[in-house]
Amino acid sequence: MELTGAKVLVAGATGVLGGALARALADAGARVALAGRDGGRLEALAAELGGAPASAVDAVDVDAVRAAVDAAAGALGGLDAVVVAWGVVAFGPAADADDAVTEELFAVNALAPMSLVRAALPHLADGGAVVLLSAVVADAPTLGMAEYSASKAALSAWASVLRRELRGRSVAVLDVRPPHVDTGLVDRALAGTPPRLPAGHDRGEVVAAVLDGMRQGAREVVVDPRERRLVVR
Ligand SMILES: NC(=O)c1ccc[n+]([C@@H]2O[C@H](COP(=O)([O-])OP(=O)(O)OC[C@H]3O[C@@H](n4cnc5c(N)ncnc54)[C@H](OP(=O)(O)O)[C@@H]3O)[C@@H](O)[C@H]2O)c1
């Protein structure tokens, strides 16, 4: 898809990757609408982007998510793409996982993106794109991260079916599965302490790969484990 002039909703724009994606899309000439939980950070980013339309929303509030999508489509005059970049993490052995934490992981990482995309599809132009931030752990479930891995694998499985079902509309579904990136996400874990993680991947490379993937109508951004570089395909 052409990013110049594209109407794009970025959900989770208050996060590090979401904010960087919103800025990069705006720099590429897209018209960006924002959704995020932290009202202060959301307002600041909206102002930085020249008064971008913005909705404060908790991802687990399905009605609020739908309202935020409708508001973004109304303000921009439709949507060409949605980018879902919200997410939470938790650490610890599977046998000790707290049920409420597990529920929140699945609600925010898997169920809320599905709700948002369902709400967006009637607004989405043919030839547009759905972009979902999953994670490398969807392919390589990691010790001490069973529930986070499972929630991201659930989202990736859903994305692979959605992609096939949307083929007739030429809507691309880009499943982004980055490795660890130093954004502070692990320090904001819902529970537990992180295991030893590899050095964080370059944030700018992740953002650039997502924009490349959108332009190409690609299906995934994944890491090449040997070369530790991102592949868009
Ligand atoms: N960092 C990594 O190593 C890495 C690797 C692979 C994949 N990812 C994925 O990339 C995405 C972005 O992560 P990040 O590293 O940029 O972390 P981040 O800066 O902590 O961003 C997380 C975002 O999720 C939002 N969020 C969490 N719970 C929410 C809820 N209930 N309702 C609405 N928003 C909620 C946060 O909103 P507020 O700040 O407004 O509360 C924030 O915008 C996540 O899906 C993450 O799983 C990250």
Side-chain angles (χ1 to χ4, degrees), residues 1-57 59 68 72 76 79-89 108-109 112-113 116-117 120 129-138 148 152 155 159 172 174-189 197-216 218 220-223 228-232:
M1 65 181 288
E2 173 58 65
L3 292 181
T4 308
K7 297 169 256 185
V8 185
L9 168 61
V10 180
T14 48
V16 173
L17 290 177
L21 285 164
R23 290 183 183 94
L25 284 162
D27 286 347
R31 295 173 55 210
V32 176
L34 311 171
R37 182 170 56 175
D38 184 286
R41 258 180 286 131
L42 186 68
E43 225 172 87
L45 182 61
E48 182 190 324
L49 298 183
S55 300
V57 64
L76 297 177
L79 291 171
D80 295 301
V82 289
V83 178
V84 188
W86 56 42
V88 280
V89 70
V108 175
N109 293 349
L116 185 142
V117 171
V130 169
V131 182
L132 299 167
L133 269 280
S134 176
V136 68
V137 295
Y148 178 68
K152 292 296 191 180
L155 182 62
L174 181 62
D175 179 14
V176 184
R177 305 197 293 283
H180 173 58
V181 184
D182 280 324
T183 62
L185 172 71
V186 298
D187 304 318
R188 293 185 280 279
L197 293 165
H201 207 85
D202 181 64
R203 191 185 304 172
E205 198 193 331
V206 175
V207 170
V210 172
L211 265 63
D212 276 356
M214 292 176 74
R215 288 191 180 98
Q216 292 174 28
E220 58 189 7
V221 174
V222 290
V223 67
R228 276 192 48 79
R229 68 181 177 84
L230 295 177
V231 178
V232 180

Grab the two heavy atoms, one from [X] and one from [Y], that are nearest each other, plus how far apart they are.
X	Y	answer
Val207	Ala24	CG1-CB, 3.5 Å
Ala172	Ala218	CB-O, 4.3 Å
Val8	Leu76	N-CD1, 3.8 Å
Arg31	Gly5	CD-O, 4.3 Å
Ala52	Val32	CB-O, 3.3 Å
Arg215	Ala28	NH2-CB, 3.9 Å

**Study point:** Salt bridge flag under 4.0 Å for residues Arg229 and Glu205
**Key:**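 Answer for the salt bridge query: no.
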**Study point:** Audit row: Leu3, Met1, side-chain contact (heavy atoms from CB on, under 4.5 Å) steps and yes/no
**Key:** CA-CA 6 Å; Leu3 292 181; Met1 65 181 288; 4.3 Å; yes
Rounded distance [0.5 Å steps], [atom1] in [X] versus [atom2] in [Y]:
X	Y	atom1	atom2	result
Arg23	Leu21	CZ	CG	10.5 Å
Lys7	Asp80	NZ	CG	5.5 Å
Glu43	Asp38	CD	CG	10.0 Å

Exercise for review: Flag the pair Pro113 / Leu133 as yes when at least one side-chain heavy-atom distance between them is below 4.5 Å, and no otherwise.
Suggested key: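 No, side chains not in contact.
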Point to revise | side chain to side chain contact (heavy atoms under 4.5 Å, CB included) involving Arg203 - partner list, sequence neighbours excluded | key: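 Here the qualifying residues are Val16, Leu17, Val181, Thr183.
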Exercise for review: State which residues pass side chain to side chain contact (heavy atoms under 4.5 Å, CB included) with Ala135; sequence neighbours excluded, sorted by chain then number.
Suggested key: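 Partners of Ala135 under the side chain to side chain contact (heavy atoms under 4.5 Å, CB included) test: Val137, Tyr148, Lys152.
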**Study point:** His180: which of Val223, Val136, Leu185, Val186 passes side-chain contact (heavy atoms from CB on, under 4.5 Å)
**Key:**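 Only one option passes, and that is Val186.
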Check your understanding: Checking side-chain contact (heavy atoms from CB on, under 4.5 Å) against Leu132, which of Leu155, Leu116, Asn109, Val82 comes through?
Key ->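 Of Leu155, Leu116, Asn109, Val82, side-chain contact (heavy atoms from CB on, under 4.5 Å) with Leu132 is met by Leu155 alone.
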Check your understanding: Stepwise, does the side-chain contact (heavy atoms from CB on, under 4.5 Å) test hold for Val84 with Leu9?
Key -> CA-CA 8 Å; Val84 188; Leu9 168 61; over 6 Å; no
Exercise for review: Check the pair Leu25, Val83 against side-chain contact (heavy atoms from CB on, under 4.5 Å), reporting the backbone distance first and the verdict last.
Suggested key: CA-CA 10 Å; Leu25 284 162; Val83 178; 4.2 Å; yes
**Study point:** Stepwise side-chain contact (heavy atoms from CB on, under 4.5 Å) check, Thr14 with Leu45
**Key:** CA-CA 8 Å; Thr14 48; Leu45 182 61; over 6 Å; no
